[in-house]
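To keep things clear, I will list the structure first and then write my remarks on it.
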Amino acid sequence: MGEGANVQTFFGIPFDIGNDVPGLIAAVIVFALMFFLSRNLELKPNKKQNVIEWIVDFTNGIIKGVMPEREGQKFGLLIFTLFSFIFISNQLGLMLQISANNVTYVKSPTADVMTTMTLAFMVLVLAHFLGVKKLGFKNYFKNAYLSPVPFLLPISILEEFTNFLTLALRLYGNIYSGEVLLKLIYQFSNAYGIASFIPAIPLELIWQGFSVFIGSIQAYVFVTLTMVYISKKVEKE
């Protein structure tokens, strides 16, 4: 939407505050929410405990659908944290957006391509690391790039780049487009006074509801693909 940037340098490293602040806010919200839900756990779950247990069961179900239970247990915390952060990040811009001097400081972190590319890069680096750690470099390279036949090596290498791009851009595109449309509806509501304000209200409500659904689906898709990529690196074909 033609936004500017607020770049500050700390210890010689440039930081785009407009990108970093939303991610920090999302991380704080996730921590505070999980801290609140996990206090005073009981043998007979209360309402708060039911919520966090449902999230844990949901993310564990994603892992079980991709990887054998014994092997997948070690990834429970990773997928739980990743899903929680992405879900909250996807919804943040729907609840509140704050801008100043053409820079939006409160928005969905995942509406910025640098955030989604960072998440995708972390996932793929972790997948490679776990594959080498478990199989050793020689067996890992053979399993990841020379299987089922060695002449597919160029395609396998190209696939690494396409996996990275699709993982990042799918999430970014869906969340960014949702926020753009919300801004357009808001601009429309102010364009013609009461004549545009009234029809803009149901449009805003409908699109926000749809965006919540899309944000939830995209969080699910991202963590599912994360487990698929990790499984391909650590499981022998």
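All residue numbers refer to positions in the sequence shown, counting from 1.
Applying the salt bridge (Lys or Arg N to Asp or Glu O under 4.0 Å) criterion to K48, with sequence neighbours excluded, gives no partner residue. Applying the ring pair (Phe, Tyr, Trp, His ring centres under 6.0 Å) rule to F137 yields no partners; only residues at least two apart in sequence or on another chain are considered. Applying the side chain to side chain donor-acceptor pair (under 3.5 Å) rule to Q208 yields no partners; only residues at least two apart in sequence or on another chain are considered. Contacts of L124 classified as side chain to side chain contact (heavy atoms under 4.5 Å, CB included), with partners at least two apart in sequence or in another chain: F164, Y229. Take Y172 and apply the ring pair (Phe, Tyr, Trp, His ring centres under 6.0 Å) test, not counting sequence neighbours, and it matches Y176. Annotation: side chain to side chain contact (heavy atoms under 4.5 Å, CB included) contacts of E160 (sequence neighbours excluded): H128, Y145, K233. For the side chain to side chain contact (heavy atoms under 4.5 Å, CB included) test, residues two or more places apart in sequence or in another chain that qualify with M122 are T118. Applying the side chain to side chain donor-acceptor pair (under 3.5 Å) test to S89 and every residue at least two apart in sequence or in another chain returns nothing. Considering only residues two or more places apart in sequence or on other chains, S211 meets the side chain to side chain contact (heavy atoms under 4.5 Å, CB included) condition with L94, W207.
Residue V28 is found in a hydrophobic cluster whose other members, listed by chain and number, are L24; membership requires side-chain heavy atoms under 4.5 Å apart, directly or through intermediates.
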For this session: I would like to know whether L130 and I230 meet side-chain contact (heavy atoms from CB on, under 4.5 Å); could you show each step before the answer?
Result: CA-CA 8 Å; L130 293 173; I230 292 175; 4.1 Å; yes
Exercise. Given Y220 and L225, is the side-chain contact (heavy atoms from CB on, under 4.5 Å) satisfied, shown in steps?
Worked result: CA-CA 9 Å; Y220 169 78; L225 290 178; over 6 Å; no
Problem set entry | Test side-chain contact (heavy atoms from CB on, under 4.5 Å) applied to I52 and F80, step by step | CA-CA 10 Å; I52 195 168; F80 173 82; 4.3 Å; yes
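Atom CG in N143 sits 14.0 Å away from atom NZ in K138 (nearest 0.5 Å). If you take CG on L92 and CD1 on I88, they are separated by 8.5 Å, rounding to the nearest 0.5 Å. Taking NZ of K107 as the reference point, atom CD1 of I25 lies at 11.0 Å (rounded to 0.5 Å). M67 CE to I62 CD1: the interatomic distance, rounded to the nearest 0.5 Å, is 13.0 Å.
Atom CZ of F210 is surrounded by 12 or fewer heavy atoms from other residues, nucleotides or ligands within 6.0 Å.
Residues I217 and V223 share a single hydrophobic cluster, defined by chaining ILVMFWY side chains whose heavy atoms lie under 4.5 Å apart. With hydrophobic clusters built from ILVMFWY side chains whose heavy atoms lie under 4.5 angstrom apart, F213 shares a cluster with L181. Under the 4.5 Å side-chain heavy-atom criterion for ILVMFWY residues, a single connected hydrophobic cluster contains both F129 and V123. Both F87 and F58 are members of a single hydrophobic cluster when ILVMFWY side chains are connected at heavy-atom separations under 4.5 Å. Hydrophobic clustering places F121 together with I86 (ILVMFWY residues linked when any side-chain heavy atoms are closer than 4.5 Å, directly or through intermediates).
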Quick one: side chains of residues 29-39, donor-acceptor pairs under 3.5 Å with protein atoms, not counting sequence neighbours, listed by atom name and distance.
unit_1	atom_1	unit_2	atom_2	d
S38	OG	M34	O	2.7
S38	OG	F35	O	3.4
R39	NE	F35	O	3.0

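Between F222 and F83, the ring centre distance reaches or exceeds 6.0 Å.
Residue pairs satisfying the salt bridge (Lys or Arg N to Asp or Glu O under 4.0 Å) criterion with at least one member in residues 145-159, sequence neighbours excluded, are listed as follows: E159-K232.
With hydrogens and angles left out, the side-chain atoms of S108 and N90 include no donor and acceptor closer than 3.5 Å.
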